[in-house]
There are 2 protein chains.
Amino acid sequence: MAGKQATLDAADAVQPDNGGSKSARTRQRILDAAAKVFREEGYAGARLADIAAAADTKAGSLYYYFASREALVEEVLDEGLDRAFGETRRRVDALSADTPTIDRLATAIRAHLETVLKLDNYTSASIRMLGHVPEPIRARHMKRQAVYGAYWRELLEAAGAAGELRDGLDLSAARMLLLGMLNWSPEWYRRGRLSPEEIADQAAAMALGGLRK
Amino acid sequence: MAGKQATLDAADAVQPDNGGSKSARTRQRILDAAAKVFREEGYAGARLADIAAAADTKAGSLYYYFASREALVEEVLDEGLDRAFGETRRRVDALSADTPTIDRLATAIRAHLETVLKLDNYTSASIRMLGHVPEPIRARHMKRQAVYGAYWRELLEAAGAAGELRDGLDLSAARMLLLGMLNWSPEWYRRGRLSPEEIADQAAAMALGGLRK
DNA sequence: GTCTATATGCGGATAGAC
DNA sequence: GTCTATCCGCATATAGAC
């Protein structure tokens, strides 16, 4: 269990089993393994044999569930985006309607970053892989991701319209710099001194301090 | 010249010719091409044939100058770090001795980010590749990079000691979040509306606003 | 020094047994 | 459904001509 090619442990299988059938569960197990290995090894470093081993099966067997390695990549990318977007929107929507726009922004920052830092394999893998994936896959995914980008743009514009942001701020640049601060975190964060929530607090304080009037 | 495999144009050959001998210049041309292709294609996506084409030679010829693909990778990583560190320190050192620590920090932020955004192929390639490179190469490079990390730590600690930073700021987290904001920029920046200097201004203003008391 | 031709190994994908 | 065996293409690396 401390082996180099450890299979998925409880912490990696966070999501529901996605339909009760055995087949659906196996498929899900493979997808979870792919997300884990892609997060750890990156797009090109992850071999099908690694993914199969992490899912406790063999490389040839993957093809019963997925048409190709690229199909696996695309599903992981999509799921990673959906999880980050889903969690962020869920927590923002849970705020009461009269929450100041700046506090909505703070909640979004915490939600996005905590999703990444809690080692959600799909989200981390998605962030790490996107820039290294073949162009057709990247182009397709960027289209989906644009919706999430627009969501952040709206958060910032709302705060701007409410007069809560600094003068001279370029909202497009600020948005990319802010998301960069969050998205780079898989490259350096390791479990340790600070919890995901504590890092998220630091990030929210830093970002808001930099953005607000 | 507008071909898919365009060779290096003037903008890519920024550095000195590094010794007058023809051999040294050829070697440099290959290294420049490698930096360019690694930046564009990422660690795994860059093939020796691509690098050779960009250097206007053939894959087999590279081995006259470099022992292996990995040797090429390591030189690009090292040079990228040296350029970012060199340029940042140079510009900070050029400040007068009585410059407030917070302004030294602002200068460092601008210098690092402008180096990346001006499409310095070595620095961008280094940033993009590091997380995707085989572990031995990565470990070796991280050791070298630790010196640059310490430099940033000192900048932040000096500002903290001078009482210029917010209370409750965790300097380690702040440093990684700040560098993430800068290092993610190769993933999204394209020449266009805002110049590197304008983006750097936005980043410096954002970061300082988030850090200072 | 630079080229072409080729050896080699690896990893994705497929076929077919069970 | 899952396995083993194998095909195949690709990219690094080497050999040797020029």
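A, B, ... follow the sequence lines: proteins, then strands. Residue 1 opens every chain.
- When each of A/R144, A/R89, A/R90 is paired with A/D82, the salt bridge (charged side-chain N to carboxylate O under 4.0 Å, His left out) condition holds for A/R144 and for no other.
- Mapping A/Y64 and A/A59 onto DNA chain D by nearest heavy atom places A/Y64 at the nucleotide closer to the 5' end.
- Contact check, A/S68 against C/dG12: no side-chain N or O comes under 4.0 Å of OP1 or OP2.
- If you measure from atom OH of A/Y63 to atom C1' of C/dT14, you get 9 Å, rounded to the nearest angstrom.
- Of the candidates B/E79, B/R83, B/R39, B/R39 is the only one forming a side-chain hydrogen bond (donor to acceptor under 3.5 Å, both in side chains) with B/N121.
- One atom, CG of B/L62, and another, C1' of C/dG1, lie 13 Å apart when rounded to the nearest Å.
- The side-chain tip of A/R69 points at the ring of A/Y43 from less than 6.0 angstrom away and within 45° of straight on.
- Atom CZ in B/R47 sits roughly 16 Å away from atom P in D/dG9 (whole-Å rounding).
- Set against C/dA13, D/dC3, C/dT2, the side chain of A/S61 has D/dC3 as its closest nucleotide.
- Using bins of under 30°, 30° to 60° and over 60° for the plane-to-plane angle, the ring pair A/Y151/A/Y148 lands in the parallel bin.
- If you check every strand for non-hydrogen atoms under 4.0 Å, A/A46 touches sugar and phosphate atoms only.
- Rounded to an integer number of Å, the gap from A/K58 NZ to C/dC18 P is 18 Å.
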